[in-house]
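We name chains A, B, ... by the order of the sequence lines, and we start the count at 1 in each one. Here the structure is a predicted model, which is why all the values come from computation and not from measurement.
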Number of protein chains: 2
Amino acid sequence: MYRIGELASSFKVKNDTLRFYEKHGLLTPSHRSESGYRLYTEQDKKILSFILRAKTVGFSLADIHELLSIEVDKDNNACADVKIVVDAKLEEVERKIAELSHFQKSLKQLSDACCGGSGSAAQCTILEALESDINNLRPEHHHDEQE
Amino acid sequence: MYRIGELASSFKVKNDTLRFYEKHGLLTPSHRSESGYRLYTEQDKKILSFILRAKTVGFSLADIHELLSIEVDKDNNACADVKIVVDAKLEEVERKIAELSHFQKSLKQLSDACCGGSGSAAQCTILEALESDINNLRPEHHHDEQE
DNA sequence: CTTGACCTTTGACTAATGTCTAAGGTTTAT
DNA sequence: ATAAACCTTAGACATTAGTCAAAGGTCAAG
Ligand SMILES: [Zn+2]
Ligand SMILES: [Zn+2]
Ligand SMILES: [Zn+2]
Ligand SMILES: [Zn+2]
């Protein structure tokens, strides 16, 4: 059993964050001590890890809540209902990956086109691209001065 | 030249959003009409598209501002300075992609393990996984009832 | 020359996600 | 038995990214 401070610090979040998640129904500690301290189990810890990982990839707390709370009306749902939610999230993740990959490609092009030298940025291909057309940049550039 | 409403609606954002971006130094229309209307050029439109694309992949407006505003002190920066910023963003993007891929894998495992049938979710592998261990789920399940 | 659709500004408001403060109770170590 | 480090609650505050409303100016069509 972890107390709030232990669990929070092991994930580098604030105690307040855990209380906030509890208030919003995302993670309720499985136990309380006699004096009212929150006591988190290994299972609670796994849920927290799930929440934080989902968050870092762009799910909102509402999304996460939806995922976690299917659990609750388990008996009023079929496998199909559960799977639909997961598949929707999966699609969302895949869309995000596609967008990120697109963006990565643009940035990579920008980066590759720039010499990275010490010459003035006035001739920098990256800046030229930003000025003129982000999606259609010249592949090379050179400086007249030393680099 | 586009007026605010045209540009906004062509990207399905609110006029207010464009004014907000302007106020925060992200996108200033290149011209104003005599009567003070904002007039956006094709170039402005490209910048907007860049901003929105960057946003959908998780960059904050502050990040985007940083990227766009290198332009400004061009003469006080070397190519190297510019490239550093782009490369930092690129790394960030690649980290996000890695995280998303990890998450995608988990979701895919969850999805694949669930039969998706009409049987009660009480035996659903997804829910079992959420209950017990999100990262270590049983690969299969079956229902005793009809599906 | 008025009507309706558009634009301007300023400033208040919202929602999501925390973060901090105040006032106090608990546990552990010395 | 007292200090240090922890916990409790309620509620105020912060940040990001808008969104809306009020009061008014502009422009094209009938
Ligand atoms: Zn260069
Ligand atoms: Zn360069
Ligand atoms: Zn099933
Ligand atoms: Zn299932």
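- For C:dT9, the OP1/OP2 oxygens have a side-chain nitrogen or oxygen of B:R32 closer than 4.0 Å.
- Residues A:I51 and A:I64 come closest through the heavy atom pair O-CD1, 3.6 Å.
- A:T17 places no side-chain N or O within 3.5 Å of a backbone atom of A:V13 that could act as its donor or acceptor partner.
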- prompt: Which nucleotides of nucleotides 15-30 of chain C have their base under 4.0 Å from a protein heavy atom (B), which only their sugar-phosphate (S), and which neither (-), written as one string 5' to 3'?
  reply: --BBBB----BBS---

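- Side chain to side chain, B:E6 and B:Y40 fail the donor-acceptor criterion of an N or O pair below 3.5 Å.
- Nucleotides of DNA chain D lying under 4.0 Å from heavy atoms of chain B occupy a range whose first and last members, 5' to 3', are D:dA17 to D:dC27.
- Nucleotide C:dT9 holds its P atom 12 Å from the CG atom of B:N15, rounded to whole Å.
- Grouping the Ile, Leu, Val, Met, Phe, Trp and Tyr side chains by contacts below 4.5 angstrom, directly or via other members, places A:F11 apart from A:M1.
- With respect to B:E22 and B:R32, a salt bridge is recorded, a charged nitrogen being found less than 4.0 Å from a carboxylate O.
- The shortest non-hydrogen separation linking A:V86 to B:L107 is CG1-O, 3.8 Å.
- In terms of modelled atom types and a separation under 3.5 Å, the side chain of B:D81 and the main chain of B:A78 share a donor-acceptor contact.
- For the atom pair CG of B:L100 and CD of A:E99, the computed distance is 10.0 Å after rounding to the nearest 0.5 Å.
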